[in-house]
Trainee: 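Structure in structure tokens, see below.
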Number of protein chains: 2
Amino acid sequence: MIFESTRSLSASLEDYLQAIFWTVAAKGAARAKDIARQLGVKASSVTGALQTLAEKKFVHYQPYEAITLTAEGFDEAARVAQRHFIVREFFVRVLGLDEAVADKEACRMEHCVGDDVAERLATLMEFVKAHPEMQSGVSQLLAERDHSDGMPASVRRGPVTVADLRSGQKAVIVAVRSGAALARRLVDMGLGRGALVEVEGVAPTGDPIRVKIRGYQLALRRTEAAAISVVGK
Amino acid sequence: MIFESTRSLSASLEDYLQAIFWTVAAKGAARAKDIARQLGVKASSVTGALQTLAEKKFVHYQPYEAITLTAEGFDEAARVAQRHFIVREFFVRVLGLDEAVADKEACRMEHCVGDDVAERLATLMEFVKAHPEMQSGVSQLLAERDHSDGMPASVRRGPVTVADLRSGQKAVIVAVRSGAALARRLVDMGLGRGALVEVEGVAPTGDPIRVKIRGYQLALRRTEAAAISVVGK
DNA sequence: TGACGAAGTTAGGCACGCCTAATAATATTA
DNA sequence: TAATATTATTAGGCGTGCCTAACTTCGTCA
């Protein structure tokens, strides 16, 4: 892993802590067996994880005895669980994702979402709850997009085009809608898939968009810009 | 790592692919040196990663020669970059996060967000762009919450209370607002931090909330429920 | 009490992903 | 062209986190 984890625990240890947290809440204490079953690992892996968690003072652990959380362990586990919950609720209530899918996605996200993002997501959800018209507007737009069709994402037109970029942003071209007059113009310049575009300026009305591609300066009309699917940086 | 990665590449290899993607876009080809500098790793680590990526047919790699992406490598890199971009834009434009912070968070998220979530986020952003009143409403609420104050998240009242739960959901109590008459009632029952609550039913008006705690059945008024900070499951 | 089975632990192996140190290939410059 | 500097590769080591296999501890029941 390259990205610096500002967290005190690895994703894996967070998972162990979660399993202990929920088991302790339900039964008063956790046994290695429970944890192994929940996480789908062997008992020996649990022992190893418990030793590490005990070293870090997150669990009370004596060999062969039931496991409980320390105060710090409880706090840490609660933070992770909170992130999981907020992310899942956001997926379900705002993005309209299926419950089961949302929960699985949240299992991955709980390890990488920062607390600041989680809090802001919670605030956003509060806003959405207070404004149901927005909720319905979003779900309508989602339905139009028909996310559940069988088409692979790579076939559908990408969600980002040059028209979505802000001044100063860079992007890589992934497709140019064929048939557009622009397509020929760009191809004539030897451009296309893989080329880097840089937005130099956008007029206040959003219409002429000045871009730089491979040293060339171009002015694109909004409709032309919207025909160029890109991946932004 | 316990959570099953449905991805074809590890987070680490995705990072290498990203570095190659942007370098190739800017300069036509990448050298190991560039990649090492961008990712903050040693050259020998780059060689190892390149060999793995070449095995998986994501890069064209011959020892001592410049590196380019295969068609599959380009597609994969573009997908990751797209996720990064959409997540960052969401953080900045909807959650009002600082650009630099958003970018760093997105670096972590790009590896765990599913394509379905990314697409839905893009759709949500489209909606927000078309409804600026929502944008401003959210930022106002965010400002009220004052996310930038110095208080640690653990001190502020948690964002989720029993009143936020839906029927059937479970949660763990993390705090009961002192002063509430309910606090005594719960403490008398031996409850508090760490106890499991289960919502059995919510009246249509949302007012009496029936919950089960440690076998006891309770009916809570909405104001009481809102005094119990929990972590939902 | 002593034997048995379940639960838990230790020891050792493997894959990943980073590192350092030594070596090899390529570029640059005299 | 030869010496040197830069860049890249190999070899071997270390931490993490999983595994299997062998062993220990604990609780139960005859």
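Proteins come first, then strands; the chains are lettered A, B, ... in the order of their sequence lines, and each starts at number 1. Predicted, not measured: the structure shown is a model, and the values here were computed from it.
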Trainee: Consider only side-chain N and O atoms of Gln38(B) and Thr23(B), and report whether a donor and an acceptor are under 3.5 Å apart.
Mentor: yes
Trainee: In whole angstrom, what separates Lys42(B)'s NZ from dT9(D)'s P?
Mentor: 16 Å
Trainee: Using atom CG of Leu9(A) as one end and atom C1' of dG17(D) as the other, report the distance to the nearest whole Å.
Mentor: 14 Å
Trainee: Check whether any side-chain nitrogen or oxygen of Arg31(B) sits under 4.0 Å from OP1 or OP2 of dA8(D), and answer yes or no.
Mentor: yes
Trainee: dC18(D), OP1 or OP2 - any side-chain N/O from Ser12(A) closer than 4.0 Å?
Mentor: yes
Trainee: Could you check whether Tyr61(B) and Tyr16(B) have their ring centres less than 6.0 Å apart?
Mentor: no
Trainee: Could you tell me whether Gln51(A) contacts a base, only the sugar-phosphate backbone, or nothing, with contacts defined as non-hydrogen atoms closer than 4.0 Å?
Mentor: sugar-phosphate
Trainee: Please state whether the phosphate of dG17(C), meaning OP1 or OP2, lies under 4.0 angstrom from any side-chain nitrogen or oxygen of Ser10(B).
Mentor: yes
Trainee: Could you tell me how far apart Lys56(A) (NZ) and dT16(D) (C1') are, to the nearest whole angstrom?
Mentor: 11 Å
Trainee: Within this structure, what is the CG-to-C1' distance between Leu50(B) and dC18(C), rounded to whole angstrom?
Mentor: 15 Å
Trainee: Rounded to whole Å, please give me the gap between CG in Asp15(A) and P in dT16(D).
Mentor: 17 Å
Trainee: Give a yes/no answer on whether the side chain of Thr47(A) brings an N or O atom under 4.0 Å of OP1 or OP2 in dT9(C).
Mentor: yes
Trainee: Give a yes or no on whether a donor-acceptor pair under 3.5 Å exists between the nucleobase atoms of dT20(D), that is its base, and the side chain of Ser44(A).
Mentor: yes
Trainee: Are Glu89(B) and Gln169(A) linked by a side-chain donor-acceptor pair shorter than 3.5 Å?
Mentor: yes
Trainee: Could you state the CD-C1' distance from Glu65(A) to dT24(D), rounded to the nearest angstrom?
Mentor: 15 Å
Trainee: By nearest nucleotide on DNA chain C, pick out whichever of Tyr64(B) and Ala32(A) is the more 5' one.
Mentor: Ala32(A)
Trainee: Could you tell me whether Arg120(B) and Glu105(A) make a salt bridge, using a distance below 4.0 angstrom between a side-chain N and a carboxylate O?
Mentor: no
Trainee: To the nearest 0.5 Å, tell me how far Leu9(A) CG sits from Lys56(A) NZ.
Mentor: 6.5 Å
Trainee: Side chain of Lys33(B): nearest nucleotide among dT7(D), dT9(C), dG8(C)?
Mentor: dT7(D)
Trainee: Which of these nucleotides, dT9(D), dG17(C), dC19(C), is closest to any side-chain atom of Leu13(B)?
Mentor: dG17(C)
Trainee: How many Å lie between CG on Leu17(B) and P on dG17(C), as a whole number?
Mentor: 13 Å
Trainee: Within this structure, what is the CG-to-P distance between Leu39(B) and dC19(C), rounded to whole angstrom?
Mentor: 10 Å
